[in-house]
Amino acid sequence: MDAIRIRGGRPLRGRVRVSGAKNAALPILCTTLLSAGESLLRNVPNLRDINTLAALLRFLGRETEVGEGTVRVHAETEPVRPEAPYELVKQMRASVLVLGPLLARFGRVKVSLPGGCAIGARPIDQHLKGLEAMGAHIELDRGYVIAKGPDASGGRLHGADFCFDIITVTGTENLMMAAALAKGRTTLLNCAREPEVEELAHVLNKMGARIQGAGSSQIRIEGVDELEPFDHAIVADRIEAGTFMVAAAATAGDVLVEGAPMEHLEGFVSKLRAAGCGVAREGDGVRVTRVGPLRPVDVTTAPYPGFPTDMQAQFMVLMCLAEGKSVITETIFENRFMHVSELARMGADIEVRGNTAIVHGVPTLSGASVMATDLRASASLVIAGLVATSHETDILRVYHLDRGYEHIEQKLAGLGADVERVTGAPL
Ligand code: EPZ
C-alpha cells in the first residue's frame, strides 16, 4: 500500500499549474451517453476517478480511450447496455451521473445505489424525485434503482417543473442532463450554482441543448430530440487550486498557482485574506504569500458561492496554526471531521461539538504516521505534514488522495517540499 512521506518545515516557493477539474470532468464524461457520436474531452486530470468512470463507460458499451490529458469516447458501434453495476458504482459515487443520461436517451436504466461514504449518508432521493417529476417510473430493488420512461416500453421523459428540497450538485447535473432530451420545457428551482454545473450546461449547449440559467438557482431547459458529440477542454480545478493556496499560506511561503480560477474562489479567498495571507491575481493565476502570524477566522461551509465544504479540512490545518481560537462549522455533510483525530495525532488542539469544530491555535505541528479517510481529509494531512517539524509524516491510504489530486508529490517537490511516495507501507 502506498504512503506519502513528508519532511516538513520548509516554506513552499515557486509556481505550480492547476489541473483540469475532476468535478467538471465526471459529469461531462457522462454526457457522452446522450449522443451516439464520438466525443473528446481535453485538459482531463490523470486521476483514479477518471479511470473508474472510463471503466463504467466501457462496461456500458462505449469504447473509451484515456490518453495524456484527454478522454475520447468513441461513437457507438453496439447497443448500449444501460446498467451500472455495484462493483463500479461502489468505487465512485459520481457514477450515479449516468442515471439521467441513460434514462433520457434509452428510456430504461438499472443503476446501483451508491450507498453512503466516509463523509455522510449521501442519499440520492432528490435525483429520483426529479426524474419521477419528468414521468419516470422508479423502483428500488436489492440495492439497485430500476427506472423506466413514462410509457410501458420506457419512452421519452417529459419536461416538468421541479424544486429541489436541498441544494445538490450532482442532483442538479443529473436532472439537467435528463431534461436536455426530454419532451418540452423543464424548470429546475433551488439548483446548485457551482461552476461545475455551469461548465456542464456549457458543454450540453455546445452539443445542441437549450439550457438557460445555469450558475443561478433557477435553470430552464427546452428539451431537444437529439444531441451532437463534443470536443471540449475543461476548466481548471478550483479545489486543487485552493489546496495549493492553503499549502502556501500554511508554510509561510510564496507560490504562484497558475491557472487558479480566482473568480470561482471568492467565498474562500476572503477567508484566506482575513487570516492574514496575501492573495493577488497574477497572469492567469493567483499568488499567495504569508509573512506574519495567522489570524483566527470563523468559517461556515455553504453551497456555492459560499465557503466550499471541499476546502474545509485544508482550511482547518491553517487555523491550527493561527494565534487564537477559530470556529469551523460544516453544514453540507454530517460526518466531515474525520481528519480531526489525525491532526490531533500531530499535536493539533481541536474540539468537535456536533457539526462544529473549535480550533485552538498551536505554535507548530509535529510529524507522525496518520491515516487518510477521504479525499479532502487526505489533502489536509499533506498540508499538516508540510508544516510539521521535528519528525517526518507518513500519510497512509493515499489512494484517497489519488482520486482527486494529479501528481501531487511531484507538484509539491517542484515547490521545494521534501516529499516522496513510498510503496509497500504497512496498512
Ligand atoms: C458534489 O457531491 C461533489 N462531488 C462533492 O465533492 C462536493 O463535496 C459536494 O458536491 C458539495 O459541494 C462531485 O461533484 C462529483 P450534494 P454531491 O448532492 O453532488 C444531500 C470532492 O471532494 N443530498 O451537493 O454528491 C447530501 O447528503 C467531493 O471532490 C440529499 O439529501 O453532493 C449532502 O448532505 C466530495 N439528497 C447535501 O445534500 C440528494 O438527493 C449536498 O450534497 C442529494 C444530496
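Just follow the structure's listing: the first ligand is 1, and inside any ligand the first atom is 1.
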Q: Under 4.0 Å from ligand 1, counting heavy atoms only, is it the side chain of Q126, its backbone, both or neither?
A: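 It is both parts that get close, each with some atom under 4.0 Å.
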
Q: Is it the case that T301 and E330 place a side-chain donor and acceptor less than 3.5 Å from each other?
A: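 T301 vs E330: donor-acceptor pair found between side chains.
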
Q: Quick one: does ligand 1 sit under 4.0 Å from the side chain of L128, the backbone, both or neither, non-hydrogen atoms only?
A: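 None of L128 does.
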
Q: Can you list the ligand 1 atoms lying under 4.0 Å from a non-hydrogen atom of I124?
A: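 The list of qualifying atoms is 39 (C), 40 (O).
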
Q: Just let me know how L375 lines up against ligand 1, side chain, backbone, both or neither, with a heavy-atom cut-off below 4.0 Å.
A: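 Side chain only.
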
Q: Between E334 and N355, do the side chains contain an N or O donor and an N or O acceptor separated by less than 3.5 Å?
A: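 Side chains of E334 and N355: no pair found under 3.5 Å.
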
Q: Heavy-atom contact check, 4.0 Å cutoff: does R336 meet ligand 1?
A: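 Distance cut 4.0 Å: R336 passes for ligand 1.
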
Q: Backbone, side chain, both or neither: what part of K22 comes under 4.0 angstrom of ligand 1, heavy atoms only?
A: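 Under 4.0 Å from ligand 1, K22 contributes side-chain atoms alone.
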
Q: Is H400 touching ligand 1 with its side chain, its backbone, both, or neither, if touching means heavy atoms under 4.0 Å apart?
A: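 No part of H400 comes within reach of ligand 1.
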
Q: Search all heavy atoms of L41 against all heavy atoms of V44 and return the closest pair with its distance.
A: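 Nearest pair, atom of L41 first, then V44: O-CG2, 3.5 Å.
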
Q: So is there a nitrogen or oxygen of A94 less than 3.5 Å from a nitrogen or oxygen in ligand 1?
A: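 Among all N and O atoms of A94, none is under 3.5 Å from an N or O of ligand 1.
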
Q: Is the shortest N/O to N/O distance between E334 and ligand 1 below 3.5 Å?
A: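 Between E334 and ligand 1 (N or O atoms, distance only) the closest approach is not under 3.5 Å.
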
Q: At under 4.0 Å between heavy atoms, which part of I166 makes contact with ligand 1: side chain, backbone, both or neither?
A: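 Within the 4.0 Å criterion, I166 contacts ligand 1 through side-chain atoms alone.
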
Q: Can you tell me how far apart CG (D374) and CZ (R397) are? Round to the nearest 0.5 Å.
A: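 Between atom CG of D374 and atom CZ of R397 there are 12.5 Å.
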
Q: So is R122 in contact with ligand 1, going by heavy-atom distances below 4.0 Å?
A: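 The answer is yes, since R122 has a heavy atom less than 4.0 Å from ligand 1.
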
Q: Between Y144 and Y86, is the gap from one ring center to the other below 6.0 Å?
A: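 No, they do not, as the ring centres are separated by 6.0 Å or more.
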
Q: Report yes or no: does A192 have a heavy atom closer than 4.0 Å to ligand 1?
A: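 Contact check A192 vs ligand 1: negative.
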
Q: Tell me whether D2 contacts the main-chain N or O of T423 through its side chain, where contact means a donor paired with an acceptor under 3.5 Å.
A: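 Absent.
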
Q: Would you say the side chains of H137 and E132 form a donor-acceptor pair under 3.5 Å?
A: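 No, E132 and H137 have no side-chain donor paired with an acceptor closer than 3.5 Å.
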
Q: Does ligand 1 have a heavy atom under 4.0 Å from the side chain of D310, from its backbone, from both, or from neither?
A: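 Looking at D310 and ligand 1, just side chain atoms fall under 4.0 Å.
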
Q: Is there a donor-acceptor contact under 3.5 Å linking the side chains of E194 and H264?
A: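 No, H264 and E194 have no side-chain donor paired with an acceptor closer than 3.5 Å.
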
